[in-house]
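FYI, the numbering just counts along the sequence from 1. Every heavy atom of this structure was used, including side-chain atoms; hydrogens, water molecules and symmetry mates were not. If you're wondering where the values come from, they're calculated on a predicted model, not measured in any experiment.
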Amino acid sequence: MYTHIAGIGSAVPSRILTNDDLSKMVDTSDEWIVSHTGIRQRHIVSPEDSAATLGCEAARRALSDAGVDPEELGGIIVTSTTPDYAVYPSTACVIQGMLGAKNASAFDLSAACPGFVYGLSVAHGMMQLDPRPMLVVSTEVMSRTIDWTDRNTCCLFGDGAGAAVLKNSEEPGGLGFHIIGADGTGARALYREGGVRTEETARNAPGALHMDGRAVFNFAVRSFCELVTKSFEHYGYTEKDYAWVVPHQANTRIIDAAVKRIDVPVGKFYVNIQNFANTSSASIPIALDEMQRNGVLKRGDRIILVAFGAGLVYGGITVEWTK
Ligand code: UT7
């Protein structure tokens, strides 16, 4: 039995914040942001929306793309670093209710930016036990976690959601080799308080995210190269066997650094960070949806999804596109 991506969808808020807009808020410039990150603009959530509403919209589009009714779903996994509620209910439960997916289990999976890759891996495993379709939703309202006076982080992130519907079938293809891992010794390289770690953190509001950009950058390049190389080795393939590498959209300089270390031409990396900035776990499904809508992805294409982020965690998965 093979597990396929049968439907894909995304939803991004209509409001756009450009680098020039940002340069009126903090001491930065379009030139600095583009040359250090590749980002030109980001989408910002409206006051009425949240991770659940954006995620629900992306999910509806993915379900329609797959031709799957919400009641057919066996499970919903949501990945978000910006859930509607700090602890419970899970955003997956909120979305399950909005969709009317009354037969689906629902839970949130915490794996920061690689959440979508982790979600695909876990859903794939669950579908060996229960073959009903599953929905993976990655949805982020990063703009609500940012210190808008901190130029080191406020230019990097954006809001949006992406979703995939997975279906089992006898047809070869779909999800392939996957590798997920973590290095918890880097837990403080990227974090946001708000848990009950201490009396103080339990009582205070979560506050903004904190990041050691250099440490995350180095981890990202290292894990990026390792994930791509291991995916090649697993099948005995080279870059010629893959149509695309779709990386977590964090910084074009991470891709440039990886290209110097692995044998993949830069043109094989799909990049749309210029329009969306870093949307954490939503960045890969937003990219996949864009690729499908623009005819970039063709049936039979082999692609590799790679991601890294807070934890520190990493995840990679190969997919043979069968839509
Ligand atoms: O999803 C995973 C999440 N995170 C990441 O992937 C982030 C990975 N890291 C990065 O992408 C990069 O490390 C950054 C883009 C965050 C920073 O780039 P950098 O080249 O590592 O810059 P830096 O932190 O070493 O800072 C260099 C200088 C500093 O000024 P001084 O101290 O040398 O005077 C910063 O204050 O650049 C300054 N700077 C800025 N200047 C203008 C930092 N942010 C800005 C800014 N505009 N927005």
Side-chain angles (χ1 to χ4, degrees), residues 8-19 21-22 33-34 37-46 49-59 61-62 77-84 91 95 108-120 136-146 148 153-164 190 192 208-209 211 213 216 220 224 246-255 269-293 305-311 313-315:
I8 192 94
S10 69
V12 291
S14 55
R15 186 181 156 213
I16 286 174
L17 189 73
T18 65
N19 291 349
D21 296 333
L22 261 180
I33 301 171
V34 172
T37 68
I39 297 164
R40 293 187 181 275
Q41 62 172 44
R42 67 284 296 139
H43 292 249
I44 304 292
V45 70
S46 66
D49 277 313
S50 70
T53 63
L54 283 181
C56 189
E57 190 53 38
R61 290 175 186 168
I77 298 176
V78 169
T79 76
S80 183
T81 60
T82 54
D84 278 26
T91 303
I95 290 177
D108 286 2
L109 185 161
S110 171
C113 301
F116 184 70
V117 175
Y118 265 65
L120 292 182
V136 179
V137 185
S138 297
T139 178
E140 307 281 2
V141 289
M142 299 301 289
S143 63
R144 292 201 179 132
T145 70
I146 284 165
W148 289 101
T153 51
C154 74
C155 64
L156 301 176
F157 297 96
D159 301 334
L190 181 48
R192 185 165 177 249
L209 66 82
M211 180 168 72
V216 179
F224 196 124
V246 186
H248 164 45
Q249 308 284 316
N251 186 333
T252 47
R253 285 196 306 156
I254 292 173
I255 297 171
F269 292 91
Y270 189 80
V271 176
N272 66 359
I273 192 173
Q274 64 279 8
N275 295 326
F276 301 102
N278 180 345
T279 55
S280 190
S281 67
S283 83
I284 289 180
I286 288 174
L288 289 177
D289 184 43
E290 183 176 87
M291 292 168 84
Q292 176 176 259
R293 279 187 288 109
L305 316 181
V306 286
F308 43 81
V313 286
Y314 55 85

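- For A277, the side-chain contact (heavy atoms from CB on, under 4.5 Å) criterion is met by I39, R42, not counting sequence neighbours.
- Taking D49 as the reference, S46, T53 meet the side chain to side chain donor-acceptor pair (under 3.5 Å) condition, with sequence neighbours excluded.
- Closest non-hydrogen pair, A112 versus G309, comes out as CB-C, 4.4 Å.
- Two residues are said to be in side-chain contact when any heavy atoms from C-beta on lie closer than 4.5 Å; I44 and P13 fail this criterion.
- Atom-to-atom distance recorded for I284:CD1 and M291:CE is 10.5 Å, nearest 0.5 angstrom.
- At least one side-chain heavy atom of L156 sits less than 4.5 Å from a side-chain heavy atom of M211.
- Checking T79 against S138 by side-chain atom types alone, a donor-acceptor pair falls below 3.5 Å.
- Looking only at side-chain heavy atoms (C-beta outward), T81 and T145 stay at 4.5 Å or farther from each other.
- A 4.5 Å side-chain heavy-atom check between I77 and L120 finds every atom pair outside the cut-off.
- A side-chain donor-acceptor contact under 3.5 Å links T91 to the backbone of D84.
- Checked against side chain to side chain donor-acceptor pair (under 3.5 Å), Q249 has no partners two or more places apart in sequence or in another chain.
- The ring-ring contact (aromatic ring centres under 6.0 Å, His included) check on F308 picks up H248, with sequence neighbours excluded.
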Would you check, one step at a time, whether the test side-chain contact (heavy atoms from CB on, under 4.5 Å) holds for L190 with L209?
CA-CA 7 Å; L190 181 48; L209 66 82; 4.2 Å; yes
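- With sequence neighbours excluded, the residues forming a side-chain contact (heavy atoms from CB on, under 4.5 Å) with F276 are V12, H43, N272, T279, I286, E290, listed by chain and number.
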Checking side-chain contact (heavy atoms from CB on, under 4.5 Å) for the pair R144/V45: CA distance, chi angles, key distance, verdict?
CA-CA 9 Å; R144 292 201 179 132; V45 70; 3.6 Å; yes
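- Shown here are the ring-ring contact (aromatic ring centres under 6.0 Å, His included) partners of F157, two or more places apart in sequence or in another chain: there are none.
- L109 places none of its side-chain heavy atoms less than 4.5 Å from the side chain of V78.
- With a 4.5 Å cut-off on side-chain heavy atoms, R40 and N275 do not count as touching.
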Stepwise side-chain contact (heavy atoms from CB on, under 4.5 Å) check, F224 with I255
CA-CA 8 Å; F224 196 124; I255 297 171; 4.2 Å; yes
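- The backbone N or O of C113 lies less than 3.5 Å from no partner atom in the side chain of S281, so there is not a single donor-acceptor pair.
- Taking the side chain to side chain donor-acceptor pair (under 3.5 Å) definition, one finds that S280 meets it with E140, sequence neighbours left out.
- Closest approach of T82 and A51 over heavy atoms only: O-CB, 3.2 Å.
- When side chains are defined from C-beta on, L22 counts as touching C154, because their heavy atoms get closer than 4.5 Å.
- The nearest pair of heavy atoms linking A282 to G160 is CB-O, 3.3 Å.
- Remark: side-chain polar atoms of D159 are paired, donor with acceptor, to backbone N or O of S143 under 3.5 angstrom.
- For the side-chain contact (heavy atoms from CB on, under 4.5 Å) test, residues two or more places apart in sequence or in another chain that qualify with E57 are A11, R60, R61.
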Apply side-chain contact (heavy atoms from CB on, under 4.5 Å) to F116 and L288, showing your working.
CA-CA 11 Å; F116 184 70; L288 289 177; 4.1 Å; yes
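- Atom CZ of R253 has more than 12 neighbouring heavy atoms from other residues, nucleotides or ligands inside a 6.0 Å radius.
- Residues I254 and A220 come closest through the heavy atom pair CD1-CB, 3.8 Å.
- Under the ring-ring contact (aromatic ring centres under 6.0 Å, His included) criterion, Y118 pairs with no residue at all, not counting sequence neighbours.
- Under the side chain to side chain donor-acceptor pair (under 3.5 Å) criterion, D289 pairs with S10, R293, not counting sequence neighbours.
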